[in-house]
Asker: 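For reference, the structure I am asking about is given below.
Every chain is numbered from 1 and lettered A, B, ... according to where its sequence line falls, protein lines coming before strand lines.
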There are 2 protein chains.
Amino acid sequence: MARRVDRRERRELLADALMRLAAARGLEAVSLRHVAAEAGVSTGMVQHYFRTKDEMMVFALGMVMDRIRRRSQAVAAPAAPRELVRGLLLQVLPLDETRRLENHVVLAFLAYAAVKPSLASGLREAAAQMRGFLAEQLRAAGVDGVDPEQGAAGLLALVDGLGLQVLSQQYAAEDAAAALDAQLVLLFGRP
Amino acid sequence: MARRVDRRERRELLADALMRLAAARGLEAVSLRHVAAEAGVSTGMVQHYFRTKDEMMVFALGMVMDRIRRRSQAVAAPAAPRELVRGLLLQVLPLDETRRLENHVVLAFLAYAAVKPSLASGLREAAAQMRGFLAEQLRAAGVDGVDPEQGAAGLLALVDGLGLQVLSQQYAAEDAAAALDAQLVLLFGRP
């Protein structure tokens with residue numbers, strides 16, 4: 001990290017190190033010192049960018065959300081509502097190594113937020129935005145078997161639940177993608 | 001715990017103490033010593049019943065699964081498939097204090113199993129059983145908009161996801177129950 005990089009980029013490098021550690025052994029045991037070792041920098045350097053582990057977790061979570069958003073926008077630029085929804089939600093499911101890492105961070109963060117209410121607000125906003133986007137697409141597609149807000153809530157919950165099950169090895173990643181498609185058929189009808 | 005109780009009952013008392021601690025501050029920080037203090041017994045006594053924290057977590061998880069099963073059987077004895085499914089899944093959602101505690105344990109356990117594959121097998125079996133039961137009910141009800149296995153997987157994922165969102169304060173418990181009902185309408189039609 002000796003070359004000239006901006007603050008955001010350095011923080012992302014450290015957050016990426018945190019994500020690798022979270023995926024390998026969970027967040028409980030991880031300290032700023034471990035992150036420093038994983039990123040190949042000093043603990044003081046880490047502390048320069050993040051004062052606490054909580055601060056780093058909040059940053060990492062925001063980074064994951066941004067990446068998911070950017071990937072799904074790249075995939076589904078001029079698409080119909082159904083494809084927009086599918087494109088976004090496939091970016092959330094842990095279907096490859098990048099998304100597995102992201103899911104680990106989100107899951108660890110959720111488990112943490114369940115006992116640290118102060119961390120929950122950023123999460124709540126991100127989830128509400130996602131639900132709003134999904135509801136808009138259901139409305140645009142004229143889906144009529146379900147109230148769009150509830151359909152959107154169900155879709156997001158289904159994908160969160162599938163992610164949880166894949167990560168904890170209760171369910172295979174391929175089956176998770178198929179279960180999402182089955183839900184899209186229930187909502188939008190056969191493609 | 002001085003009166004004559006059997007081994008199972010004592011283990012349940014300790015596992016209940018673990019659940020209260022998990023709900024209050026997560027599982028990361030919890031040790032056998034903390035469980036002993038919460039249950040009002042000595043650490044040696046805890047160690048007599050559980051050699052490790054992992055062993056206690058596996059036991060607590062099994063206990064939660066048993067209780068959910070017993071409650072949903074009590075609720076829905078001679079009922080139609082739709083009511084059986086709803087009765088079971090409402091017992092899983094964190095809609096009261098008991099179920100909140102249970103959800104905390106399951107969530108903490110899932111986050112833990114995501115990085116400890118050796119713990120995942122008991123979980124996988126319990127989830128597969130639940131999915132099998134749900135698929136059977138979808139088949140019995142003649143649900144035809146979706147393959148019963150995939151519909152069952154989607155339902156379980158939706159409820160797992162809703163539980164996760166309620167616990168991490170992303171979503172209100174009442175809204176979660178409504179989102180489940182909306183999914184039942186998608187699957188079974190209007191009641």
Asker: Which answer fits A:A152, side chain, backbone, both or neither, if we ask what part of it has an atom under 4.5 Å from a heavy atom of chain B?
Answerer: neither
Asker: Does any N or O in the side chain of A:K53 come within less than 3.5 Å of the main-chain N or O of A:V30, such that one atom is a donor and the other an acceptor?
Answerer: yes
Asker: Examine whether an atom of A:Q169 lies under 4.5 Å from a heavy atom of chain B, and if so say whether it belongs to the side chain, the backbone or both; otherwise answer neither.
Answerer: both
Asker: Using the six-membered ring of A:Y49, assess whether NZ or CZ of A:R11 lies under 6.0 Å from its centre and within 45 degrees of the ring axis.
Answerer: no
Asker: For chain B, which candidate among A:D147, A:L158, A:D160 shows the most heavy-atom pairs at distances under 4.5 Å?
Answerer: A:L158
Asker: Please state whether the side chain, the backbone, both or neither of A:L180 comes within less than 4.5 Å of a heavy atom of chain B.
Answerer: neither
Asker: Under 6.0 Å from the CZ atom of A:R139, do we count more than 12 heavy atoms belonging to anything else shown?
Answerer: yes
Asker: Quick one: closest heavy-atom pair of B:N103 and B:V92, and the distance?
Answerer: ND2-O, 2.7 Å
Asker: If you count heavy-atom pairs under 4.5 Å between each of B:Q183, B:E125, B:R190, B:E149 and chain A, which one has the most?
Answerer: B:Q183
Asker: Which atoms form the tightest heavy-atom contact between A:Q91 and A:E102, and what is the distance?
Answerer: O-OE1, 4.3 Å
Asker: Please identify, among B:A182, B:G189, B:G151, B:A126, the residue contributing the most non-hydrogen atom pairs under 4.5 Å to chain A.
Answerer: B:A182
Asker: Is B:V159 reachable from A:V159 through a run of I, L, V, M, F, W or Y residues, each pair having side-chain heavy atoms under 4.5 Å apart?
Answerer: yes
Asker: Taking every non-hydrogen pair under 4.5 Å, which of A:V166, A:L162, A:L186, A:V185 racks up the most with chain B?
Answerer: A:L186
